[in-house]
Amino acid sequence: MYNRADEHIEYIDDRLRLIVSPAHTFGTDALLLAAFSMPKRNAACVDFGTGCGIIPFYWLREGVNEVHAVEIQPLACSQLRRSIELNGLENRLMLTEGDLTQLKGVLPFGAFDTVCMNPPYTPAGSGILSSSAADKTARHETQLTFNGLCRAASELLRFGGSFCICLRPERLTDAMCAMRENRLEPKRLRFVAQRPGKAPWLFLLEGKKGRKPGLIVENTLYIENDDGSSSADMLKIIGTYKKDTQKQEN
């Protein structure tokens, strides 16, 4: 099922096994966003730019019944399809391979309760481009601007539906402006810092389609305690999972 030399399994819980690779894996930011954006059990939800599928798998672990995921990179889609098959999730996790700007007639517009994305952190025209194609797509706005992402999310969301993202703090103003331009009113904000006394390195932001202004700023989420141990918030988000380093043949 995962017979490529650079792949291994991450156990999201005792049952869910996610295939990851150096090109398509996940980090702390994705776990934080998955928890921050957590849909209700029966919500219609979709993860944009899903990559290896960590956010849909986290949602499923926490009890969501059905999840849609969209990804443009063929290798990521191939990897995630095998994860879906490995867990028997064909009827609960539906993958769409394609462009986020071309979803009309593919996914129903105005029908989703939650849209989520861990977007590229580097805006177009800035920063040094990553050398690999996968990293360029994941880390740089080479294929879709943040404004275009907000537009695509707004098209899918019903009135009052949520769009959740994470980005670096220096992009907060741009993110809020792009949300408002696309009828996604910023409603909930949480900063993330490594430990107390450190400046935030990430923010989590929720916009709601068509809602009136009024932003709630939640308490800062700390990854670690002062002594370097994982915080209670972080332990709750991560849960328990383990890496299976023994390769298996398909």
Full working for salt bridge (Lys or Arg N to Asp or Glu O under 4.0 Å) between R180 and E185: CA-CA 5 Å; R180 272 192 164 173; E185 182 62 29; 2.9 Å; yes
Heavy-atom check, side chain of V70 versus side chain of V46, under 4.5 Å: yes
Heavy-atom closest pair, residues A111 and A44: O-CB, 3.6 Å
Gap separating the SG atom of C77 from the CG atom of L95, nearest 0.5 angstrom: 4.5 Å
Donor + acceptor pair across side chains of D99, T101 (<3.5 Å): yes
Contact list for residues 109-120, test salt bridge (charged side-chain N to carboxylate O under 4.0 Å, His left out), sequence neighbours left out: D113-R158
pair M94-E66: side-chain heavy atoms closer than 4.5 Å: yes
Basic-acidic side-chain contact under 4.0 Å: E7, R82: yes
Where R171 and F146 come nearest, the two heavy atoms and their spacing: NH2-CB, 4.1 Å
Polar side-chain atom of R61 near backbone of I12 as donor-acceptor pair, under 3.5 Å: yes
Atom of N182, atom of S154 and distance for their closest heavy-atom approach: O-OG, 2.9 Å
CD1-OG1 distance between I238 and T28, expressed to the nearest 0.5 angstrom: 6.5 Å
Residue pair L80 / C52: nearest heavy atoms and the distance that separates them: CD1-O, 3.3 Å
Close side-chain approach of E62 and M38, heavy atoms under 4.5 Å: yes
Closest heavy-atom pair and its distance - P108, L156: O-CD2, 3.8 Å
Pairs where residues 208-223 contributes a residue and the test salt bridge (charged side-chain N to carboxylate O under 4.0 Å, His left out) is met, not counting sequence neighbours: R188-E218
For F48 against M117, the heavy-atom pair lying closest together: O-CG, 3.3 Å
ILVMFWY network linking F36 to Y121, side-chain heavy atoms under 4.5 angstrom: yes
Intermediate values then yes/no, side chain to side chain contact (heavy atoms under 4.5 Å, CB included), F57 and L93: CA-CA 9 Å; F57 267 66; L93 176 48; 3.6 Å; yes
Minimum side-chain heavy-atom gap V106-Q102 below 4.5 Å: no
Path from F26 to W201 over hydrophobic side-chain contacts below 4.5 Å: yes
Donor-acceptor contact present, side-chain D13 to main-chain R15, <3.5 Å: yes
L32 vs C166 side-chain heavy atoms within contact, under 4.5 Å: no
Contact check, side chains of T25 and S21, non-hydrogen atoms, under 4.5 Å: no
Whether S162 side chain and T114 backbone form a donor-acceptor pair below 3.5 Å: no
Audit row: R190, V217, side chain to side chain contact (heavy atoms under 4.5 Å, CB included) steps and yes/no: CA-CA 6 Å; R190 191 173 194 185; V217 181; over 6 Å; no
Approximate separation, where rounding is to 0.5 Å, of L103 CG and L100 CG: 6.0 Å
Straight-line distance of E85 CD to S83 OG, nearest 0.5 Å: 10.0 Å
Side-chain (Q79) to main-chain (H24) donor-acceptor, under 3.5 angstrom: yes
Contacts of type side-chain contact (heavy atoms from CB on, under 4.5 Å), residue S229, not counting sequence neighbours: N225, D227
CG on L205 to OG on S37, rounded to 0.5 Å: 12.0 Å
Sub-4.5 Å side-chain heavy-atom contact between C164 and L204: no
Of all pairs that satisfy salt bridge (charged side-chain N to carboxylate O under 4.0 Å, His left out), the ones with a partner from residues 27-56, not counting sequence neighbours: none
Side chain to side chain contact (heavy atoms under 4.5 Å, CB included) evaluation trace for L167 with N118: CA-CA 8 Å; L167 275 173; N118 185 355; over 6 Å; no
Between E224 and S230: side-chain donor-acceptor atoms closer than 3.5 Å: no
hydrophobic_cluster_shared for L172 and L33, side chain cutoff 4.5 Å: yes
Interatomic distance, C150 atom SG to E155 atom CD [nearest 0.5 angstrom]: 11.5 Å
Test item: W59 side-chain N/O and A34 main-chain N/O as donor-acceptor pair under 3.5 Å: yes
L189 and F191: CA distance, side-chain angles, deciding distance, side chain to side chain contact (heavy atoms under 4.5 Å, CB included) verdict: CA-CA 7 Å; L189 172 66; F191 290 101; 3.7 Å; yes
Donor-acceptor under 3.5 Å (S78 side chain, P74 main chain): no
ring-ring contact (aromatic ring centres under 6.0 Å, His included) partners of F112, counting only residues at least two apart: H68
Residues in side-chain contact (heavy atoms from CB on, under 4.5 Å) contact with D174, at least two apart in sequence or another chain: none
Joint hydrophobic cluster, L221 plus L215, side-chain heavy atoms closer than 4.5 Å: yes
Pair E71, T50: side-chain N/O donor-acceptor within cut-off below 3.5 Å: no
Path from F163 to M176 over hydrophobic side-chain contacts below 4.5 Å: yes
Non-hydrogen side-chain atoms of D233 and I223 separated by less than 4.5 Å: no
